[in-house]
A.B. asks: 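Pasting a structure below so you can have a look.
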Amino acid sequence: MQMYDLPDRKGHFGPYGGVFVAETLIHALDELRDQYEKLRTDPAFLAEFAHELKHYVGRPSPVYHARRLSEKSGGAQIWFKREDLNHTGAHKINNTIGQALVARHMGKRRIIAETGAGQHGVASATIAARYGMECVVYMGSEDIQRQSPNVYRMKLLGATVVPVESGSKTLKDALNEAMRDWVTNVENTFYIIGTVAGPHPYPMMVRDFNSVVGKELLTQLPEVIGRQPDAILACVGGGSNAMGAFYPYIPHRDVRLIGVEAAGLGLDSGKHAATLCAGRPGVLHGNRTYLMQDENGQITETHSISAGLDYPGVGPEHAWLKDTGRAEYVAVTDDEALEAFHLTCRLEGIIPALESSHAVAYAMKLAATLPPEQVLLVNLSGRGDKDMNTVARHSGITF
Amino acid sequence: MATSRIAGVFAALRANGRKALIPFVTAGDPDKATTVPILHCLVAAGADILELGVPFSDPMADGPTIQRSSERALKHGTSLRDCLALVSEFRRTDNATPVVLMGYANPIESMGYAAFAAGAVSAGVDGVLVVDYPPEESAGLHSVLAASGIDCIFLLSPTSVEQRMDDIARFASGYVYYVSLKGVTGAANLDLDEVAAKIPQIRKHVDLPIGVGFGIRDGETARAIARIADAVVIGSRLVQEIENSAPGEVVGNLGRLVGGIRRAMDS
């Protein structure tokens, strides 16, 4: 095992990460960093967080042998970490509980969030309801179309959903708008960022809260298969579910870490969101990381069938894991993800989120090349109930 | 090193008991051909320093007005390279008025620090303000700029604590830009009393002229700010004028608007 203690005190993972924000936010980020530095090792805070995860989320989530999917693949065994069984249906709730608790400690009663697929928005609205906080969610109007059931869920939970009409009307623009709200209301507002991106300490904080996934795996897998897996696979948009699964395994050098990005209509088509596979480093949304950008440094519009992966940046720690070779990053297309979605429905009786379906698709491809005694653990980050409209539309069905 | 154009302008204004007027427009808005005529008209109307916005796809610190101006400029493909070319063109007939490029980090990251600094020097750029490059993250760029004689302009905000003012003072040159409200550009809730209280506090830590911007929309506010600060920055109101003017009337309308603000400041 090798030591790994990133980020540094200023939030850097090698050349990535950092704090690239307008001056008005500097003080708020300094305060948050100092608070969180204390809380992350405070036994009372950690006990409170663990209690919520157990009694409100229903953790630990099980690991499950996808036996028929493995047979279909004809090689290595595919196992799922069932984050889809969490309260609200995805891994996102782990992080929102953690950040809402930090917000409570800091005395902030108003929370804001950005959302793409709507899962982070739902998780934020959920926890705001539970803790009696005001919640405003920014969501691209394009995503509001694609994810209407989640929009209604947020409203049921008492949140205000603000449609964002600027730019590409998707996740990146929702993030821009949430930043604008935060800069305006910084004194009473806590910004719950939904992925391992943004200015320090967000990438570290979101990773820490989601790393409950990898920590559970470290003890669960030896219990059920007698050892650690050969590889862990997770989809990567911003990269929060992947970082949560990967982080505790970084020192375990014999476990491959594989991030699966969205190749959309294909990497050659230009219509994709495979930032680590096809982007280059730059600065956006408060951190230095890989970005989808044109030759002049303008951020380009991305495409993925899955709203949660449709983002032109990626968490800075993934950028560092890529450059150092500790993790591998690959991409699968919309069509491949859809095929894996349908197979998982019919062979396992599990409707996976389209995001998670990307990781399943690559696991099946990889499994076919490996012997049957190998184990591939897929972080099944969310359930696909929210994707009914999208999948039906692709099959030519209207409700 | 020779005195920068920016320092020269502030020295001359001080000698005459006047304050600087710093208009902001986005390069390439409404189109590339109109940008240089706009810059000349702003000078003719009484601008002392020009802030030229470099359009960016994700202007996180800007309100809707400047967001839309960036979108218009990007529709014509206005790149950082184009912005430098526009400054060169402006310099052919105006070698006196300082020009500050204002924008976001990524176009500069993409071009590379050395290439950007060389391009800025040869175009005749005097200062650079990058909204999302705080000093602790931009030592690389700012040392290249400083070595090229280009001023590094930084923002201070209502949330900047005194320690922060010292930190900024170590890196800043030319002037500092006090963001007069918590929020994005173009918001309309500037608090004059708050600004008046903050400026003397900043002066204790920063030995540079102080410009004030964000939320200044008319001559009356400009005049009030001119009494307490060294420079008045006006952006969104001018960009709005560009947006609302018929093609062919942009330059004339801007000239009248800025001329009126200048007269109010000097009265």
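Proteins get letters first, then strands, A, B, ... in listed order; numbering begins at 1 in each. Because the structure is predicted, anything quoted here is derived from the model rather than measured.
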A.B. asks: What pairs with B/Glu71 under side chain to side chain contact (heavy atoms under 4.5 Å, CB included), at least two apart in sequence or on another chain?
C.D. replies: A/Ser166

A.B. asks: Please determine whether the number of non-hydrogen atoms from other residues, nucleotides or ligands lying under 6.0 Å from atom CD of B/Gln201 exceeds 12.
C.D. replies: yes

A.B. asks: Using a heavy-atom distance cut-off of less than 4.5 Å, which residues of residues 202-213 of chain B contact chain A?
C.D. replies: none

A.B. asks: Does any non-hydrogen side-chain atom of A/Glu23 lie less than 4.5 Å from one of B/Val179?
C.D. replies: no

A.B. asks: Given that the side chain runs from C-beta out, which part of B/Leu80 has a heavy atom under 4.5 Å from chain A: side chain, backbone, both or neither?
C.D. replies: neither

A.B. asks: With a 4.5 angstrom heavy-atom cut-off, could you sort out which part of A/His12 is near chain B: side chain, backbone, both or neither?
C.D. replies: side chain

A.B. asks: Okay, side chain of B/Arg81, backbone of A/Asn296: is any donor-acceptor separation there less than 3.5 Å?
C.D. replies: no

A.B. asks: For B/Asp62, which atoms come within 4.5 Å of any heavy atom of chain A: side chain, backbone, both, or neither?
C.D. replies: backbone

A.B. asks: Report the distance from atom CG of A/Leu25 to atom CG of B/Asp132, rounding to the nearest 0.5 Å.
C.D. replies: 11.0 Å

A.B. asks: Step by step, work out the side chain to side chain contact (heavy atoms under 4.5 Å, CB included) result for A/Gln298 and B/Leu74.
C.D. replies: CA-CA 9 Å; A/Gln298 304 296 341; B/Leu74 289 175; 3.5 Å; yes

A.B. asks: Do the charged groups of B/Glu137 and A/Arg288 touch, with an N to O distance under 4.0 Å?
C.D. replies: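 Salt bridge: no.
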
A.B. asks: Heavy-atom distances under 4.5 Å only: say whether B/Val131 touches chain A with side chain, backbone, both or neither.
C.D. replies: both

A.B. asks: List the residues meeting side chain to side chain contact (heavy atoms under 4.5 Å, CB included) with B/Thr159, not counting sequence neighbours, and say none if there are none.
C.D. replies: A/Thr24, A/His27, A/Val186, B/Ser157, B/Lys182

A.B. asks: Give the member of A/Lys10, A/Met179, A/Glu177, A/Arg280 that has the highest number of heavy-atom pairs under 4.5 Å with chain B.
C.D. replies: A/Arg280

A.B. asks: Distance from A/Leu284 atom CG to B/Phe56 atom CZ, nearest 0.5 Å?
C.D. replies: 5.5 Å

A.B. asks: Select one option (side chain, backbone, both, neither) describing which atoms of A/Leu291 are under 4.5 Å from chain B's heavy atoms.
C.D. replies: side chain

A.B. asks: Measure the spacing between CZ of B/Arg164 and CG of A/Asp30 and express it to the nearest 0.5 Å.
C.D. replies: 7.0 Å

A.B. asks: For B/Lys32, does the NZ atom sit with more than 12 other heavy atoms under 6.0 Å from it, leaving out its own atoms?
C.D. replies: yes

A.B. asks: Answer yes or no: are there more than 12 heavy-atom neighbours, outside A/Glu187 itself, under 6.0 Å from its atom CD?
C.D. replies: no

A.B. asks: Which region of A/Ile299, side chain (C-beta onward) or backbone (N, CA, C, O), has a non-hydrogen atom less than 4.5 Å from a non-hydrogen atom of chain B, or is it both or neither?
C.D. replies: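 Both parts, backbone and side chain.
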
A.B. asks: Is A/Asn188 atom CG crowded by more than 12 heavy atoms from other residues, nucleotides or ligands, each under 6.0 Å away?
C.D. replies: yes

A.B. asks: Can you find a heavy atom in the side chain of B/Pro59 that is under 4.5 Å from one in the side chain of A/Arg180?
C.D. replies: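 Answer yes - side chains close enough.
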
A.B. asks: Dump the intermediate steps for side chain to side chain contact (heavy atoms under 4.5 Å, CB included) on B/Asp58 and A/Asn176, then the final yes or no.
C.D. replies: CA-CA 7 Å; B/Asp58 292 80; A/Asn176 291 339; 2.9 Å; yes

A.B. asks: Identify the residues of residues 101-112 of chain B whose heavy atoms come closer than 4.5 Å to a heavy atom of chain A, ordered by number, or report 'none'.
C.D. replies: B/Ala105, B/Asn106, B/Pro107, B/Glu109, B/Ser110

A.B. asks: Using non-hydrogen atoms only, which part of B/Pro64 is less than 4.5 Å away from chain A: side chain, backbone, both, or neither?
C.D. replies: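 Neither part.
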
